Chemist: 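Here you go, one structure.
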Amino acid sequence: MSEKEVNNVAINWYPGHMAKARRQMEEQLKLVDIVIELRDARIPEASANPILAELSKNKRVLIVLNKADLADPEESRKWKEHYENCLIVNSSSDNLSKLVVNEVKRILQDKLDRAKARGIRKISLRAMVVGIPNVGKSTFINNIVKKKVAKAENRPGVTKSLQWIRLNEDVELLDTPGVLWPKIENQDDARLLALIGSINDDILDKQDLVLFGLKLLKEKYPGLISERYGVDENQDELIRQIGQAKLWLSNDGEVDMAKTVEVILKDIRSNKIGRITWQDA
Ligand SMILES: Nc1nc2c(ncn2[C@@H]2O[C@H](COP(=O)(O)OP(=O)(O)O)[C@@H](O)[C@H]2O)c(=O)[nH]1
Ligand SMILES: [Mg+2]
């Protein structure tokens, strides 16, 4: 399958969708001071959107690596250092709103200072959340907004009326997130997204996907597979070894490869193997 096909089939993002999402994002970006880009802490680069950096060239961006509860904490620390402005979060954690508001104010401190110097006592820093599907945008917004009241507002040039929600005296948030497609520039990006369950794996060969996952695990977390399944992870035919060790067999006594593949994939996605970060900072 060509990579173009991967792109289209996996995500259902067709050129028409993409053009529309892009236009919408461009309009919304005009209204905000800062973009809060949610990504998945397990795959910080593959869960980025490929055109957001270009669209938000003159904007401040806060990268929020979400679902950090599923990622490797040590790797998350490295990723935090890697990006200019970055928070490592779990979108249902208690202190999220304060954390985000403080970070937004820190990043936009110059703007606050300028307003103050000009005698403007009250300004609103405006933020919006963007990210690929399933990265946790709704959970994140619901958490930081809680019971705060949305106020509707019409702005010229924007067809739909937008809801802004005040998070504190300085910061307002657009109540609906911007959704953009994930970065699928090659098979590996697609596989990484599928491994964490972010895209449908229907178009990928599952055995191939699991082999890819096991290979990465062996490189990044040596010993983990051996420990989990009671096998020597450096032997050939690792999937078969695992099926044999766990006795995932068909009626004829042979390893049930399809089942073994399914179970390993499920173990990976449900973090049974551990907190894994698949991409290095
Ligand atoms: N473990 C974990 N799951 C999360 C987190 N944030 C969201 N989720 C789950 O991820 C899935 C997608 O979340 P949702 O907010 O609907 O994503 P959206 O498509 O970006 O709006 C849901 O099952 C959430 O419960 C998080 O920080 N940690
Ligand atoms: Mg949502």
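Position 1 is the first residue of the sequence, and the numbers go up from there. Values in this document were obtained by computation on a predicted structure and should not be read as measured data. Remember, it's 1-based here, ligands and their atoms both numbered in the order they're listed.
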Chemist: Verify whether one side chain among N90 and S92 offers a donor that lies under 3.5 Å from an acceptor in the other.
Modeler: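 Indeed, the side chains of N90 and S92 share at least one donor-acceptor pair under 3.5 Å.
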
Chemist: When you measure from atom 16 (O) of ligand 1 to every protein heavy atom, which one gives the shortest distance, and what is it?
Modeler: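 The answer is S138 CB, 4.2 Å.
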
Chemist: Between the side chains of D33 and R60, is the shortest nitrogen-to-carboxylate-oxygen separation below 4.0 Å, so that they form an ion pair?
Modeler: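 The answer is no: the pair does not qualify as a salt bridge.
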
Chemist: List the atom of N271, the atom of D69, and the distance in Å for their closest heavy-atom pair.
Modeler: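 The pair with the smallest heavy-atom distance is ND2-O, 4.4 Å.
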
Chemist: Using 4.0 Å as the upper bound for N to carboxylate O, is an ion pair formed by E172 and R126?
Modeler: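 Yes, this pair counts.
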
Chemist: Looking at K259 and E262, is any side-chain nitrogen of the basic one under 4.0 Å from a carboxylate oxygen of the acidic one?
Modeler: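 Not counted as a salt bridge, because no side-chain N and carboxylate O are separated by less than 4.0 Å.
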
Chemist: Leaving waters out, which protein N, O or S atoms fall under 2.8 Å from the Mg ion (ligand 2)?
Modeler: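 S138 OG, with waters left out.
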
Chemist: Is it true that R166 and S124 share a donor-acceptor pair across their side chains at a distance under 3.5 Å?
Modeler: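 S124 vs R166: donor-acceptor pair found between side chains.
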
Chemist: Please report which non-hydrogen protein atom sits nearest to atom 17 (O) of ligand 1, along with the residue it belongs to and the distance in Å to one decimal place.
Modeler: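 Here the closest protein heavy atom is G136 N, 3.1 Å.
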
Chemist: Do NZ/NE/NH1/NH2 and the carboxylate oxygens of R22 and E54 come within less than 4.0 Å?
Modeler: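 Result for this pair is yes, salt bridge flagged.
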
Chemist: Please state which protein non-hydrogen atom is closest to atom 8 (N) of ligand 1 and give its distance, to 0.1 Å?
Modeler: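 Going atom by atom, the protein heavy atom closest to atom 8 (N) of ligand 1 ends up being K67 CE, 3.7 Å.
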
Chemist: Measure from atom 2 (C) of ligand 1 to every heavy atom in D69, V89, T139 and give the option owning the shortest one.
Modeler: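 Going through D69, V89, T139 one by one, D69 has the nearest heavy atom to atom 2 (C) of ligand 1.
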
Chemist: Would you say ligand 1 has an N or O under 3.5 Å from any N or O of S91?
Modeler: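 So ligand 1 has an N or O lying under 3.5 Å from an N or O of S91.
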
Chemist: Checking salt bridge (charged side-chain N to carboxylate O under 4.0 Å, His left out) for the pair D72/R42: CA distance, chi angles, key distance, verdict?
Modeler: CA-CA 8 Å; D72 178 344; R42 294 167 292 176; over 6 Å; no

Chemist: Using the test side chain to side chain contact (heavy atoms under 4.5 Å, CB included), find all partners of D236 that sit at least two apart in sequence or belong to another chain.
Modeler: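 None.
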
Chemist: Evaluate V135 for polar contact with ligand 1, using N/O atom pairs at a separation under 3.5 Å.
Modeler: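 N/O-N/O distance below 3.5 Å exists for this pair.
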
Chemist: Identify, for atom 18 (P) of ligand 1, the protein heavy atom at the shortest distance, and state residue, atom and that distance.
Modeler: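 Sorting protein heavy atoms by distance from atom 18 (P) of ligand 1 puts K137 N, 3.5 Å first.
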
Chemist: Centre of Y83's six-membered ring, under 6.0 Å away, within 45 degrees of the axis: is that where NZ or CZ of R39 sits?
Modeler: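 That pair qualifies as a cation-pi contact.
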
Chemist: Can you tell which of N142, N134, N143 gets a heavy atom nearest to atom 11 (C) of ligand 1?
Modeler: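 Considering heavy atoms of N142, N134, N143, the nearest to atom 11 (C) of ligand 1 sits in N134.
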
Chemist: Which part of L70 is near ligand 1, with near meaning a heavy atom under 4.0 Å away: side chain, backbone, both or neither?
Modeler: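 Side chain only.
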
Chemist: Would you say atom 22 (C) of ligand 1 has a protein heavy atom nearer than 4.0 Å?
Modeler: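 So far as the 4.0 Å threshold goes, atom 22 (C) of ligand 1 is out of reach of every protein heavy atom.
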
Chemist: Please determine, by modelled atom types, if Q279 and E45 share a side-chain donor-acceptor pair under 3.5 angstrom.
Modeler: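 No, no side-chain donor-acceptor contact under 3.5 Å.
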
